[in-house]
Amino acid sequence: MPPRPVLLGTWPTPLEPAPRLAGALGLPADALWVKRDDLSGLGGGGNKVRKLQYTCAQALAQGATTLITTGAPQSNHARLTAAAAARLGLRSVLVLTGTPPAVASGNLVLDRLAGAELVWTGDATPQQVHHEVERQAQKVRDEGGTPHVIPFGGSTSYAARGFVDCAAELLAQLPGLDRVVVAVGSGATMAGLVAHLGVAGPHTTVYELLDGMSGVQARRADLQIDRGQVGAGYAVLTPAAREAMRLAARTEGIFLDPTYTARALAGLVAGVADGRIRREQQTVFLHTGGLPGLFGHPDLPQLTGH
Ligand SMILES: Cc1ncc(COP(=O)(O)O)c(C=O)c1O
């Protein structure tokens with residue numbers, strides 16, 4: 001019997017109408033909604049809180065004393081793991097790629113505030129990062145503790161259940177919804193949504209996560225993964241993402257992060273422009289948080305001009 005999730009966030013997150021953003025895109029005022037998972041409560045909020053409720057339940061059931069995870073320096077998942085550990089009275093070790101910056105910014109500041117121990121791996125390969133995580137886990141054991149390793153992005157089939165909860169909230173808030181637009185990283189957010197909303201698709205990671213979720217009957221029907229907004233890479237601000245950040249801020253007073261949610265809204269804008277997202281549909285944009293990453297982003301100066 002899997003453990004019950006621990007309560008780390010504030011639920012349900014709000015579903016807000018976005019009439020001015022809809023109007024700017026040429027949609028009817030009542031056709032666009034924003035699901036505010038950026039307002040999920042813990043540690044600056046964001047989608048990762050939903051996963052951590054499940055992951056931390058497993059960790060506590062196994063008697064964990066220390067959460068260990070990995071990520072990029074501006075990982076929102078790492079920041080929220082540090083916050084969850086603090087909330088639960090656990091230690092946290094974050095194994096990060098790259099080297100420590102001269103001055104910490106964005107998520108790194110919050111990691112440190114929450115008491116996380118940071119371990120830097122330089123330009124290590126994923127395999128080397130994995131070995132470092134193993135080394136840190138052994139160190140915890142040697143000191144008499146019990147480590148619990150959370151995979152990159154916090155995505156496991158069990159953690160994806162956090163987004164089954166999100167989908168159930170959405171169906172209660174907007175029973176007639178047609179489409180949810182969300183950023184995809186390590187995949188569990190989309191997998192959890194798809195598991196409950198009843199659609200599935202061919203993308204390997206999301207599909208593997210779905211396979212690991214017991215009782216999920218998924219159809220390969222309507223799920224679309226649009227790689228059109230990836231641009232030149234993870235930490236590069238694309239022109240479309242920059243425009244999307246301005247649009248959300250100037251129409252609805254909603255701030256997006258440059259890496260995930262700005263790309264997702266840019267994808268929504270492109271979908272409206274090319275007719276994939278239609279006027280008569282009820283579309284939900286899932287705001288998955290990540291705002292602290294803006295303040296650690298290398299292209300921040302590009303956002304401060306008009
Ligand atoms: C702000 C934000 N949105 C979306 C995602 C993507 O979620 P997932 O990793 O479950 O695909 C992430 C993952 O890092 C994130 O930090």
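The figures here come from the full heavy-atom set of this structure, side chains too, leaving out hydrogens, waters and symmetry mates. In listed order, ligands and their atoms are each counted from 1.
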key: Between E132 and Q136: side-chain donor-acceptor atoms closer than 3.5 Å   =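 Short answer, yes.
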key: Polar contact flag, side-chain donor to acceptor under 3.5 angstrom, R135-Q138   =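 No, no side-chain donor-acceptor contact under 3.5 Å.
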task = Using a strict 4.0 Å threshold on nitrogen-to-oxygen distance, state whether R242 and D299 make a salt bridge.
result =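 Salt bridge flag = no for D299 with R242.
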key: Contact residues of ligand 1, where a non-hydrogen atom lies under 4.0 Å away   =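 Within 4.0 Å of ligand 1, the protein residues are N47, K48, K51, N76, S155, A183, V184, G185, S186, G187, A188, T189, Y260, T288, G289, G290.
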request  = Would you check if the side chain of E117 reaches a backbone N or O of V93 as a donor-acceptor pair within less than 3.5 Å?
outcome  =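 Checking the backbone N and O of V93 against the side chain of E117, no donor-acceptor pair under 3.5 Å is found.
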task = Taking T65 for its side chain and T146 for its backbone only, find out whether a donor-acceptor pair lies under 3.5 Å.
result =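 Looks like yes, one N/O pair under 3.5 Å.
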ask   = Which other residues belong to the hydrophobic cluster containing L96, where Ile, Leu, Val, Met, Phe, Trp and Tyr are joined when side-chain heavy atoms lie under 4.5 Å apart, directly or via other members?
value =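 Result for L96 is L94, L108, L118, W120.
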